[in-house]
Number of protein chains: 2
Amino acid sequence: MQKNPVQCQFVAALDSIVGKWKPIILYHLLQGKPLRFNELRRLLPDITQRMLTLHLRELEEEEIVKRVIYPQIPPKVEYSITEYGMSLSPVLETLHQWGVAHIERKQLIKQKNEQTKTD
Amino acid sequence: MQKNPVQCQFVAALDSIVGKWKPIILYHLLQGKPLRFNELRRLLPDITQRMLTLHLRELEEEEIVKRVIYPQIPPKVEYSITEYGMSLSPVLETLHQWGVAHIERKQLIKQKNEQTKTD
DNA sequence: CAGCATCCACATTGATACTG
DNA sequence: CAGTATCAATGTGGATGCTG
């Protein structure tokens, strides 16, 4: 733990959320339906197997995601959001909303700049 | 831009917020009072001069933070949140709240574990 | 199917010294 | 006071090949 408590709190929150793919993984799992490893891969076409595994392990560690193994061949593993993980929903939600607005704003500015060029 | 729009939106939001010290910089600036460079340094005792400069430049670039230079000697520069930057307030707020709860929860679990040891 | 192991590239941060 | 410049360390993510 560090000296600065506010810093800590942000860090604690961001650690759980940050990682190139964690927000989208959580976004999909927050839909409620458990997803298999390869289903997640299909939903995140650009993620590598390695990163999906790593991120899922980290989320599991923090009890944000639950991993259920069905002992069968071929293996089947399902990932789902935990009750605790659901508490992240408002965080992701506001973050997502801001992202949408932020992108829109950028495009507006870009358009304006292109207009003034032709003036 | 990438193929996945949801990914984009999260990335856009996180880009603005992520950076080891950005959340706390914003947290302090969101208090409303403009802060000088060295005032910020004092509020963030562990940040290096270099990182403070870099993060402030990035926030300025995105028009989240405004930089005002008073041409005098010794130099005086004040940083403040822009109106647009204020729109980040709810994002930081929910993030911060979740961080607080997350830390409390971890400590509760730790305490429980120490109890069961002595049982 | 659902991984793990290894090696590598690049991005982010830090340490330190110097300046108008 | 408010920086910049340079260099070094660390961290994060990607590519590839192998496995029960």
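So that the names make sense, note that chain A is the first sequence line, chain B the second, and so on, each numbered from 1. The figures here come from the full heavy-atom set of this structure, side chains too, leaving out hydrogens, waters and symmetry mates.
Checked against side-chain hydrogen bond (donor to acceptor under 3.5 Å, both in side chains), B/R50 has no partners two or more places apart in sequence or in another chain. Scored by the ring-ring contact (aromatic ring centres under 6.0 Å, His included) test, B/Y27 finds A/F10, B/H96 as partners (sequence neighbours excluded).
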Could you run down the sub-3.5 Å N/O contacts of the protein with nucleotides 3-8 of chain C?
{"from": "C/dG3", "atom 1": "OP1", "to": "A/R57", "atom 2": "NH2", "distance (Å)": "2.8"}
{"from": "C/dG3", "atom 1": "OP1", "to": "A/R67", "atom 2": "NH2", "distance (Å)": "2.5"}
{"from": "C/dG3", "atom 1": "OP2", "to": "A/Y79", "atom 2": "OH", "distance (Å)": "2.5"}
{"from": "C/dG3", "atom 1": "N7", "to": "A/Q49", "atom 2": "OE1", "distance (Å)": "3.2"}
{"from": "C/dG3", "atom 1": "N7", "to": "A/Q49", "atom 2": "NE2", "distance (Å)": "2.7"}
{"from": "C/dG3", "atom 1": "O6", "to": "A/Q49", "atom 2": "OE1", "distance (Å)": "3.3"}
{"from": "C/dT6", "atom 1": "O4", "to": "A/R50", "atom 2": "NH1", "distance (Å)": "3.4"}

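The pair B/E63-A/R105 counts as a salt bridge, with a side-chain nitrogen and a carboxylate oxygen less than 4.0 angstrom apart.
A/T116 places a side-chain N or O within donor-acceptor distance of the main-chain N or O of A/K112, the cut-off being under 3.5 Å.
For B/L52 and C/dT13, the CG to P distance is 13 Å, given to the nearest whole Å. Rounded to whole Å, atom C1' of C/dT13 lies 12 Å from atom CD of B/E58.
When hydrophobic residues (I, L, V, M, F, W, Y) are linked wherever their side-chain heavy atoms come within less than 4.5 Å, the members clustered with B/V68 are B/Y70.
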Contacts under 3.5 angstrom, residues 32-40 of chain A side chains, donor-acceptor by atom type, not counting sequence neighbours:
{"from": "A/E39", "atom 1": "OE1", "to": "A/R36", "atom 2": "N", "distance (Å)": "2.7"}

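If you walk DNA chain D from 5' to 3' and mark each nucleotide with an atom closer than 4.0 Å to a heavy atom of chain A, the marks span D/dG13 to D/dG20.
In terms of phosphate contacts, A/K20 brings no side-chain nitrogen or oxygen within less than 4.0 Å of OP1 or OP2 of C/dA11.
Considering only heavy atoms from C-beta on, B/I17 stays 4.5 Å or farther from B/K22 through its side chain.
In plain terms, the two heavy atoms of B/S16 and B/I64 that are nearest each other are CB-CD1, 3.9 Å.
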